[in-house]
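Here's the structure we're looking at; comments come further down.
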Amino acid sequence: MKTKKTDKPAVHIIQKELLQPYNPVTVNLIGAGGTGGQVLTALARMNHSLIALGHAGLFVRVFDDDTVDTANLGRQLFTTAELGQPKSVALINRINRFFGTNWKAETLRYDKSSITDRDLASAVITISCVDTVAARYEIAEILKHLSKNYGGRNHVKYWMDFGNSRSSGQVVLSTLEKIKQPASDLYRPVESLPLVTDEFKELLNASETADNTPSCSLAEALTKQDLFINSVLANCGASLLWQLFREGILFNRGFFLNLKDFRTQPLKVA
């Protein structure tokens, strides 16, 4: 007699040291623009909530070498009083005042020529909100190198990449090493989540032809990106991260978003 074949759902299970850490979990946020600014606010809210629930919380560093100009006002989270200031400093100062955190601003680009301190470059979770494909590839190179050559407390484990066009975008969570998974009768635990630069290499290369030149005004910026694409993408991505910390198990490792049609397509673990 034949037995009915059943496929276990694929999941990624988070290690205990992230769910019940002794120290705040380190997060490097790369990019303080339209998406990065929204993600930072979401991280601050998440940190406040995690601490209230008995978790050690987060320690965030923001990397960005750009300054605030008039084209950023309105679509990004800056005021006229912050014109000319480094974006990372303006955002971190505001977050620290509002939430009582002691997070850090780094006024430099996260690349091989600027990041020479491995302690600074390395964080348990890296979040990238960058505009160019070249920047993603360089971040991938740095993180791969750190995963093999840096074994400190902030050893890199996860990389969450945010990317968007005018009215669509995606968030992809990757692992930089195999995350040990427990045995399970109900699920099929997956220890590695592919890097966005490997899995979607052709898609990234095809998008490289898009115009990434800076906008000179808010009106011009809005022709390139919808007013709410950054905030929607940031909140959905933050929800995935919140699920990681609160539930300790992921059935999805990201999603594709189409704001024009109000559709979201989850990206399954396997």
Side-chain angles (χ1 to χ4, degrees), residues 6-21 24-30 35 38-40 42-51 53-60 122-129 136 139-140 143-144 146-147 154-164 168-200 203 232-258 263-270:
T6 57
D7 292 326
K8 296 179 182 179
V11 299
H12 180 74
I13 298 172
I14 313 306
Q15 291 179 323
K16 185 179 179 181
E17 52 260 39
L18 268 135
L19 304 179
Q20 298 175 335
V25 176
T26 52
V27 179
N28 278 350
L29 175 60
I30 305 170
T35 302
Q38 299 280 354
V39 170
L40 180 63
L43 289 173
R45 294 171 59 198
M46 194 182 306
N47 174 67
H48 185 86
S49 301
L50 285 171
I51 291 172
L53 293 167
H55 190 277
L58 310 173
F59 174 75
V60 179
S122 187
V124 176
I125 300 173
T126 298
I127 301 175
S128 55
C129 305
R136 285 185 176 85
I139 290 168
L143 295 180
K144 286 178 183 178
L146 288 170
S147 70
N154 297 328
H155 181 68
V156 295
K157 292 182 181 294
Y158 293 98
W159 175 22
M160 177 177 277
D161 179 66
F162 288 73
N164 70 277
S168 63
Q170 74 286 329
V171 174
V172 180
L173 180 68
S174 310
T175 56
L176 275 303
E177 63 179 10
K178 292 181 179 180
I179 307 296
K180 188 177 180 180
Q181 301 286 289
S184 174
D185 294 329
L186 296 177
Y187 305 114
R188 177 167 58 88
V190 176
E191 59 185 3
S192 296
L193 307 178
L195 296 181
V196 62
T197 48
D198 293 336
E199 185 179 18
F200 298 108
L203 184 65
V232 174
L233 200 65
N235 282 305
C236 289
S239 182
L240 176 63
L241 201 58
W242 176 248
Q243 189 178 89
L244 180 151
F245 283 113
R246 291 300 300 144
E247 298 181 16
I249 183 170
L250 297 177
F251 291 86
N252 302 300
R253 56 189 173 92
F255 59 89
F256 293 93
L257 169 71
N258 187 319
R263 288 186 290 108
T264 303
Q265 177 65 43
L267 183 61
K268 297 294 182 183
V269 163

*Between Ile13 and Pro182, is any pair of side-chain heavy atoms under 4.5 Å apart?*
yes
_Please determine whether side chain to side chain contact (heavy atoms under 4.5 Å, CB included) holds for the pair Trp242 and Leu50, giving the CA-CA distance in whole Å, both sets of side-chain angles, and the decisive distance to 0.1 Å._
CA-CA 9 Å; Trp242 176 248; Leu50 285 171; 3.8 Å; yes
*Under the side chain to side chain contact (heavy atoms under 4.5 Å, CB included) rule, what do Gln170 and Leu267 come out as? Steps first, then yes or no, please.*
CA-CA 9 Å; Gln170 74 286 329; Leu267 183 61; over 6 Å; no
*Using modelled atom types only, decide if a donor and an acceptor are shared between the side chain of His48 and the backbone of Gly57 within a distance under 3.5 Å.*
no
*Has the side chain of Arg188 got a donor or acceptor atom that lies under 3.5 Å from a matching backbone atom of Pro9?*
no
*Search all heavy atoms of Gly163 against all heavy atoms of Leu233 and return the closest pair with its distance.*
O-CD2, 3.5 Å
*Report the C-alpha distance between Leu176 and Leu195 in whole Å, list the side-chain angles of each, state the deciding distance to 0.1 Å, and finish with yes or no for side chain to side chain contact (heavy atoms under 4.5 Å, CB included).*
CA-CA 8 Å; Leu176 275 303; Leu195 296 181; 4.0 Å; yes
*If you take all heavy atoms of Asn252 and Val269, which pair is closest and at what distance?*
N-CG2, 3.9 Å
_Thr175 side chain near His12 side chain, heavy-atom distance below 4.5 Å_ = yes
*Ser239 side chain to Asn235 main-chain N or O, any donor-acceptor pair under 3.5 Å?*
no
*asked:* Give me the atom names and distance for the closest heavy-atom approach of Arg136 to Trp159.
replied: O-CH2, 3.6 Å
*When you measure from the side chain of Thr26 to the backbone N and O of Val124, does any donor-acceptor pair fall under 3.5 Å?*
yes
*Is the shortest heavy-atom distance from the side chain of Met160 to the side chain of Leu240 under 4.5 Å?*
yes
*Would you name the heavy atoms of Pro194 and Glu199 that are closest together and state the gap between them?*
CG-OE1, 3.5 Å
*Test side chain to side chain contact (heavy atoms under 4.5 Å, CB included) applied to Leu58 and Ile125, step by step*: CA-CA 10 Å; Leu58 310 173; Ile125 300 173; 5.8 Å; no
*asked:* Test your reading of the model: is there a side-chain donor-acceptor pair from Gln243 to the backbone of Leu250, 3.5 Å cut-off?
replied: no
*Which atom pair, heavy atoms only, marks the closest approach of Pro21 to His55?*
CD-NE2, 3.2 Å
*Taking only residues two or more places apart in sequence or in another chain, which ones pass salt bridge (charged side-chain N to carboxylate O under 4.0 Å, His left out) with Asp198?*
Lys144
*Mind checking the CG-OH spacing from Leu241 to Tyr158? Nearest 0.5 Å is all I need.*
10.5 Å
*Shortest non-hydrogen contact from Asp185 to Lys8?*
O-CE, 3.4 Å
*Between Lys180 and Glu191, does at least one N-O distance fall below 4.0 Å, as a salt bridge requires?*
no
*Above 12 or not: heavy atoms from other molecules or residues under 6.0 Å from NE2 of His155?*
yes
*Any side-chain donor-acceptor pair under 3.5 Å between Asp161 and Ser128?*
yes
*Heavy atoms, side chains only, cut-off 4.5 Å: are Glu177 and Ile179 in contact?*
yes
